[in-house]
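Notes for the one structure printed next.
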Amino acid sequence: MKQQKKKKVGWISWYRRICVLGWFVFAYVLLFSYIPDEIYVSRESDNCAFAKGLPISVDEAVASQPVFGAQRVGAAAESDGVLLCRLFDLIPVKQVVVHDMDRPMVTAAGTNIGIYLKNSGVLVVECASFTDQNGALISPAAYRVRSGDIIQSVNGTNLTSKEELIRAVEESGGRQLVLQVQRGEEQIRIAVTPEIASDGVAKLGLWVRDDIAGIGTLTFVTKEQDYGALGHGVSDLDTGELIRIDEGGIYETKITGISKGKRGIPGEVTGLIRFYSSSYLGTIGANGKNGIYGKLTRLPEELLETETVPVGYKQEIAKGTAQIICSVEGERKAYEIEIESIDYHAKEENKGIRYRVVDEQLLNTTGGIIQGMSGSPILQNGRLIGAVTHVFVDDPTRGYGIFAENMLREAIAK
């Protein structure tokens, strides 16, 4: 009996050790995910702010110092610093690259803008069928051209509009055409032969688009008049593909209506875009996954007397009260939100901040976050920390935001 008891105690002891080791590994991995790979800091900022509430110590380290094989994002430049994070001041966890810079000052906008983008080439929305001269239903381009393809040229002639594509097909008289197509990151040549439709006109059977327009929100403007807006890219509604732009601009717009968001049904801002030279605000130089960026030719009138604010870095963001600025009621106003979590390693870069709308006035007006509010600046402690990007479809009172520093980086690099 005694031998059996000792054996049982031994198994329990090993089981406990394995459990303790398992919990330690889990805690280590979880802690690793809570620490950012790199941060921006200014002279007055706390470069260890991300460590508050965590059982870690932070010390300066040399860039080449190994940390259990942990990989940092990119290599630290000579002007960069490196922080070494240790668990309980003993076990190395991670290195954090520190970029030292003067804290930027920007105008936090929150004004609605009309957006116009012209495709680089002609975007294929979908393949379609039509009736030929024999009464048969045909689709000559099917299985050759795909939805999301961008047709850049026909028989070596560059395209700048869908009308040019239609004209080239009609003038072919049913003879084979060679299309230069951008498919994702790949350039391909496709030979396709138009067919004569029942109306006697040569067709390929393609629905195409060469431009897109919509409403969003201007996030910030720098002293050099560089701006960032939306916090996410402009994608084609039908294909979901990010629009590759040839040219574009932003314009003043007038809000004409609000469709409140409900559970499972996203709301929407509707407005009138004035595509006049007198309403023109600036160029669109880039349409990226984290927003649109360009240069203003003039500030919107409602921002002329607006004071600039400092940019807040991601490690300075705290859970709790913050504000979003938007113009859904016809004028620029601040509304209260509650930041629920901050994710330094979000799979989608424009979902680093998660928040909940608590302002009763905004909830009564929009139901929460609705389409057209993307790009609304998020402020905390008087600093621009991010911008509204997405809404929870099943809960319009909750949404995601992007870190302001990410948008600012792309605005400067455009």
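Just so you know, residue 1 is the first one in the sequence shown, and it goes up from there. Below, each value reflects all heavy atoms present in this structure, side chains not excepted, and no hydrogens, waters or symmetry copies.
- Nearest heavy-atom pair across A202 and G174 is CB-N, 4.0 Å.
- Considering only residues two or more places apart in sequence or on other chains, S120 meets the side chain to side chain contact (heavy atoms under 4.5 Å, CB included) condition with R244, D246.
- Judged by distance alone, the side chain of T256 and the main-chain N or O of T270 form a donor-acceptor pair under 3.5 Å.
- Between E170 and V201, the closest side-chain pair of non-hydrogen atoms falls below 4.5 Å.
- A distance of 4.5 Å separates CG of L218 from OG1 of T111, quoted to the nearest 0.5 Å.
- Distance check, rounded to the nearest 0.5 Å: CG of L384 to CE of M105 gives 11.0 Å.
- Counting heavy-atom neighbours within 6.0 Å of R146 CZ, excluding the residue itself, gives a total of 12 or less.
- Within the 4.5 Å cutoff, the side chain of L123 has no heavy atoms near those of the D210 side chain.
- By the neighbour-count criterion of 12 heavy atoms within 6.0 Å, atom CD of E301 is sparsely surrounded, having that number or fewer from other residues, nucleotides or ligands.
- Within the model, atoms OH of Y116 and CD1 of I284 stand 10.5 Å from one another, a figure rounded to the nearest 0.5 Å.
- Under the side chain to side chain contact (heavy atoms under 4.5 Å, CB included) criterion, Q152 pairs with I150, Q180, Q182, Q187, not counting sequence neighbours.
- Atom CG of L408 sits about 5.0 Å away from atom CZ of F220, to the nearest 0.5 Å.
- We find the OG-CZ distance between S278 and R298 to be 7.5 Å, quoted to the nearest 0.5 Å.
- No donor-acceptor pair under 3.5 Å is formed between the side chain of N287 and the backbone N or O of I245.
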For T397 and D395, what are the C-alpha separation, side-chain angles and deciding distance, and is it a side-chain hydrogen bond (donor to acceptor under 3.5 Å, both in side chains)?
CA-CA 5 Å; T397 68; D395 185 358; 2.6 Å; yes
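- The distance from atom CD of E164 to atom OG1 of T160, rounded to the nearest 0.5 Å, is 3.0 Å.
- Looking at heavy atoms from C-beta onward, T321 lies in side-chain contact with E338 at the 4.5 angstrom threshold.
- Formation of a donor-acceptor pair under 3.5 Å by the D132 side chain with backbone atoms of E195 is not found in this model.
- Checked by atom type and distance alone, the side chain of T253 pairs as donor or acceptor with a backbone atom of L272 at under 3.5 Å.
- Y293 and Y227 have their aromatic ring centers separated by at least 6.0 angstrom.
- Of the possible donor and acceptor atoms, one in the side chain of S147 sits under 3.5 Å from a partner among the backbone N and O of V125.
- Each of D226, T222, T283 was evaluated against K295; a single residue qualifies, D226, per the side chain to side chain donor-acceptor pair (under 3.5 Å) test.
- Using a 4.0 Å cut-off between a side-chain N of Lys or Arg and a carboxylate O of Asp or Glu, E316 and R103 qualify as a salt bridge.
- Aromatic ring pairs are classed by plane angle as parallel below 30°, tilted from 30° to 60° and perpendicular above 60°; the pair H232 and H390 is tilted.
- For R183 against D149, the heavy-atom pair with the smallest separation is NH2-OD2, 2.7 Å.
- In terms of modelled atom types and a separation under 3.5 Å, the side chain of S139 and the main chain of A128 share a donor-acceptor contact.
- Using a 4.5 Å heavy-atom cutoff, the side chains of V388 and I369 are in contact.
- Contact check on E340 versus K319 returns no salt bridge, with no Lys/Arg side-chain nitrogen under 4.0 Å from an Asp/Glu carboxylate oxygen.
- No donor-acceptor pair closer than 3.5 Å links the side chain of K223 to the backbone N or O of T107.
- By the 30° and 60° cut-offs, the orientation of the rings of Y344 relative to F403 is tilted.
- Side-chain rings of Y400 and F392 approach one another, their centers coming within less than 6.0 Å.
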Please assess D199 against K203 for the test salt bridge (charged side-chain N to carboxylate O under 4.0 Å, His left out), listing each intermediate value before the final yes or no.
CA-CA 10 Å; D199 58 4; K203 297 179 180 179; 3.3 Å; yes
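- R332 places a side-chain N or O within 3.5 Å of a backbone atom of A109 that can act as its donor or acceptor partner.
- Checking side-chain atoms of S374 against main-chain N and O of T389 turns up a donor-acceptor pair under 3.5 Å.
- Annotation: E224, atom CD; neighbour count of heavy atoms from other residues, nucleotides and ligands within 6.0 Å is above 12.
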Between E331 and S327, does a side-chain hydrogen bond (donor to acceptor under 3.5 Å, both in side chains) hold up when you go through it step by step?
CA-CA 5 Å; E331 60 180 323; S327 305; over 6 Å; no
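- With hydrogens and angles disregarded, a donor-acceptor distance shorter than 3.5 Å links the side chain of Q380 to the backbone of A318.
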Check the pair E329 / Q361 against side-chain hydrogen bond (donor to acceptor under 3.5 Å, both in side chains), numbers first and verdict last.
CA-CA 10 Å; E329 294 186 275; Q361 185 176 353; 3.0 Å; yes
Does the pair V178 and V154 meet the rule for a side chain to side chain contact (heavy atoms under 4.5 Å, CB included), with working shown?
CA-CA 6 Å; V178 177; V154 179; over 6 Å; no
